[in-house]
Amino acid sequence: MSTQVLEPADLTPGTLRVTPLGGLGEVGRNMTTYEIDGEILIIDCGVLFPEEHQPGVDLILPDMEPLRGRLDDVVGVVLTHGHEDHIGAVPYLLKQRPDIPIIGSALTLALTAAKLKEHRITPIAHVVKEGETWEAGPFELEFVAVNHSIPDALAVAVRTDAGLVLHTGDFKMDQLPLDGRITDLRAFARLGEEGVDLFLPDSTNADVPGFTPTERSIGPVLDQVISKTPGRVIVASFSSHVHRVQQVLDAAAANGRRVALLGRSMVRNMTIAADLGYLNVPDGVLIDYKKARDVPDHQIVYMSTGSQGEPMAVLSRMANLDHEIEPGEGDTVILASSLIPGNENAVYRVIDGLTKLGAHVVHKANAKVHVSGHAAAGELIYCYNILKPRNVLPVHGEYRHLMANARLAQDTGIDAERTIIGSNGTVVDLKDGEARVVGQLDLGFVYVDGSSVGAITDADLKDRRTLGEEGFVSVIVVVDSQTGRIITGPEIHARGIAEEDRVFDKVKPKIVAALEEAAQKGVRDNHALSQTVRRTIGRWVNQSLRRRPMIVPLVIEA
């Protein structure tokens with residue numbers, strides 16, 4: 001997958017330009033722009049969650065640099081469903097222009113509005129549902145029901161003068177969904193008859209053979225685990241997984257247990273889902289967390305966040321004994337979610353921590369407590385055969401997923417030259433039924449760190465990793481500004497290094513000698529003297545201690 005920057009030529013009239021800004025080569029921060037005749041439509045605007053090599057980062061946003069100075073050309077943002085990796089970056093986009101219309105299903109927009117409320121933004125929202133069409137500038141949008149691990153997901157057919165594009169969002173083809181809402185294959189077939197010029201399918205499970213199991217297969221397993229647990233049951237899942245929470249509520253009710261929701265996002269999202277009728281709460285089952293402490297252990301189920309090992313989420317805090325609920329003997333913890341790539345180590349640390357406390361931990365590797373929300377290879381082949389698209393641009397997945405999806409397309413007869421393997425920033429132009437790569441933008445990561453957005457760089461993260469892994473050494477020296485002679489020091493302090501400070505007494509004569517040599521050569525520049533100190537102690541620490549700590553020299557003139 002090439003990352004060589006190639007600036008695209010100016011867009012010609014009647015040509016549709018499609019540019020993924022996120023979601024290719026990664027699982028998260030999905031965002032794609034569509035432009036024709038000077039107007040832009042955005043589909044999805046999500047976040048990516050940080051991995052261990054990105055310490056201190058809260059969220060990672062799509063690089064919206066291509067939209068700089070062009071926000072007035074944006075006619076709307078279509079949100080395919082309510083997961084964070086598709087809606088999480090909307091507040092950061094609307095902070096730049098609050099009146100951009102957002103378009104999506106009722107549940108999707110309700111979850112987005114709750115998120116925007118935290119940022120004190122009231123959106124201009126247009127609720128749509130499957131079977132409806134919507135005009136947004138030169139774009140005619142048709143919405144198609146698709147099944148996913150959250151209700152109310154929609155695929156989007158985009159009609160323009162340049163042709164018809166179908167963008168699936170995340171989807172699968174569960175034939176027995178909990179809510180009875182299946183992926184509308186009849187609509188797919190109709191669009192195929194009309195002629196799909198460009199197909200952008202979900203790639204997350206493209207390398208998984210066969211078909212994704214049905215959500216209904218999870219219910220009996222949850223019921224069995226809960227019925228056999230003598231103590232408390234704690235179920236961790238994504239805070240927006242309405243179907244899984246529904247199954248937990250039903251299993252708890254069948255076993256005479258009450259359910260308490262833990263985690264601010266879990267409480268918020270399930271309240272919204274219940275209010276809109278997407279979550280059916282059995283009478284008397286749901287109980288406030290504060291009252292749940294008075295319920296006997298064998299009669300309570302806690303539904304929490306933290307299935308991805310997030311350090312500040314409820315489950316991680318339980319594993320670290322940093323929460324009121326302390327799992328122990330007789331308790332069962334169920335991790336009812338898949339592992340997002342990059343989170344494996346964090347999740348297994350939580351599993352180990354809970355196991356050490358005496359809890360029985362049930363997860364996808366030892367019980368069928370989760371099924372994916374994404375179409376496997378068999379389902380994608382089915383779609384290709386129904387749609388017969390002229391061109392394909394696989395989206396939503398790491399590189400191996402994109403490649404697997406492209407191979408499936410080619411297996412069904414789509415020419416290799418019409419199957420585009422792109423990356424974030426790949427610019428694709430559609431005209432007269434032909435899709436061509438015409439450019440490659442230079443896009444990066446935009447980090448949210450506390451209240452700062454985009455201020456943290458990869459160099460900053462490298463420094464943080466060095467501090468965490470190798471430690472920190474400071475060296476203070478006071479020199480005569482006229483002669484360069486050392487007046488005081490060097491004084492050396494170390495942090496995050498096992499050796500005591502007196503170990504550095506061995507290197508002090510070397511620093512003195514290096515500074516005296518520099519002074520004899522007439523070096524008086526503070527920066528040059530600091531670099532002399534840095535090189536001298538850095539070489540010694542590397543050779544003697546086998547460490548590469550962050551070194552901060554401070555040379556003071558007096």
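In terms of heavy-atom proximity, T204 sits nearest to D207 at O-OD1, 4.1 Å. A pairwise comparison of heavy atoms in M318 and L357 identifies O-CD1, 3.7 Å as the closest pair.
To the nearest 0.5 Å, atom CG of residue D331 and atom CD of residue E326 are 11.0 Å apart.
Checked by atom type, the side-chain pair S239/N269 shows a donor-acceptor distance below 3.5 Å. Donor-acceptor pairing under 3.5 Å is recorded for the side chains of H148 and H83. In this structure, a donor-acceptor pair under 3.5 Å is present between the side chains of H86 and N30.
Within a 6.0 Å radius of CZ in R293, other residues, nucleotides and ligands contribute more than 12 heavy atoms. Counting heavy-atom neighbours within 6.0 Å of K510 NZ, excluding the residue itself, gives a total of 12 or less.
Within the 4.5 Å cutoff, the side chain of V473 has heavy atoms near those of the I537 side chain. With contacts defined as side-chain heavy-atom distances shorter than 4.5 Å, the pair E7/L441 qualifies.
Between Y289 and H323, the ring planes are tilted. Angles from 30° to 60° get that label.
In this structure a side-chain-to-backbone donor-acceptor pair under 3.5 Å is present from E26 to G23. Judged by distance alone, with hydrogens and angles left aside, the side-chain atoms of D297 form no donor-acceptor pair with the main-chain N or O of R232 at under 3.5 Å. Checking side-chain atoms of R97 against main-chain N and O of L71 turns up a donor-acceptor pair under 3.5 Å. Side chain of R258 to main chain of I300: no donor-acceptor pair is present (N/O by atom type, distance under 3.5 Å, no hydrogens or angles). Side chain of N205 to main chain of H374: a donor-acceptor pair is present (N/O by atom type, distance under 3.5 Å, no hydrogens or angles).
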